[in-house]
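Remarks on the structure that follows.
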Amino acid sequence: MQVHDWTRVDASTFHDFHTGWIVHLKESLNAGVLPSGYYAQAEQHIGRKIGDVLALHASDPERVPLAPQPPEGGAVAVAEAPPRVSRTHVLSPSAKRRRRTLTVRHSSGHRIIALVEILSPANKSSDGVGEFVRKAEGAIRAGIHLLLVDLLPPGRHDPQGIHEILVEALEAQDDDQESPQGKPLTFASYAAGPTPVAYLEPVAVGDPVPDMPLFLTPERYVSLPLSSTYAAAYRGVPAVWRDVIEGRAASGG
């Protein structure tokens, strides 16, 4: 399945697709992608009525989440099979990084291990960019892994893309080259830890939807089936809007 041009439709149509994609991702993760002891569940943002974030939970904080040799279908070790992405950034602390102390507390056996977020037009607004980056930064600093999908091109409030703003918020060095010309959309997976690592796949409209690593620990991940679940969610988009997205009809605004 190829990435579509979601700027052709309004925010409500994208939101409808986005929520369907979250559901299909949850179903796929819970149907065998995740090892035993993990589960995925849609979460809600404060003030929003529907689930728009996918959270990955571990069921028991006192147990080692993954055995040294997980069973077939379990997590993959980065050292044995590095994620297949175009760019990998080790987000080393910059010289001007302030010292901070964080306390991570687990109040129950159902702690959040990772978050999956598909950015919406609201996340790209003036207030939305800041809100999202604060949430993402806080999650990574707290040791929560993050996978973000940005199917919308950089705009007025994120001219270099959300990833660059997040790197700045983490006060990290990012001395890799800029994203390739003509690939303004971003799939990014962040392995949280003392020195976070970002795995990036820049794409353009018409490129295949890439599967991405979703980290369970800084050293182990599962492959998130973004391509197949994107296709399943897209099949649920009303035909009138698929025609607009695919350029067969005029935009409805």
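- The main-chain N or O of S86 is found under 3.5 Å from a side-chain atom of E201 such that the two form a donor-acceptor pair.
- For F17 and W6, the ring centers are positioned less than 6.0 Å apart.
- No donor-acceptor distance shorter than 3.5 angstrom exists from the side chain of S28 to the backbone of L25, with no hydrogens or angles considered.
- No donor-acceptor pair closer than 3.5 Å links the side chain of D243 to the backbone N or O of V240.
- Counting only heavy atoms from C-beta outward, the side chains of V205 and P153 never approach each other to under 4.5 Å.
- With contacts defined as side-chain heavy-atom distances shorter than 4.5 Å, the pair H4/F14 does not qualify.
- For the pair H57 (side chain) and Y39 (backbone), a donor-acceptor distance under 3.5 Å is absent.
- Scanning all heavy atoms of the two residues, the minimum distance from P154 to P184 falls at CD-O, 3.4 Å.
- Atoms CG and CG, on L146 and L56 in that order, are 12.0 Å from each other to the nearest 0.5 Å.
- No more than 12 heavy atoms of other residues, nucleotides or ligands lie within 6.0 Å of CD in E168, so this atom counts as exposed by the packing criterion.
- Considering only heavy atoms from C-beta on, V33 stays 4.5 Å or farther from L224 through its side chain.
- Looking only at distances, a side-chain donor or acceptor of D211 sits under 3.5 Å from a matching main-chain atom of L226.
- No hydrogens or angles considered: a donor-acceptor pair under 3.5 Å links the side chains of D10 and S12.
- Without hydrogens or angle criteria, H18 side chain to I118 main chain gives a donor-acceptor distance under 3.5 Å.
- Side-chain contact, Y190 with H163: a donor N or O sits under 3.5 Å from an acceptor N or O.
- The two atoms that bring A114 and I144 nearest to each other are CA-CG2, 3.8 Å, heavy atoms only.
- With no hydrogens or angles considered, no side-chain donor-acceptor pair links T13 and D16 at under 3.5 Å.
- The backbone N or O of P213 sits less than 3.5 Å from a side-chain atom of S189, completing a donor-acceptor pair.
- Proximity of H89 to P196: side-chain heavy atoms (C-beta onward) are nowhere separated by under 4.5 Å.
- With ring centers used as reference points, Y221 lies 6.0 Å or more from Y199.
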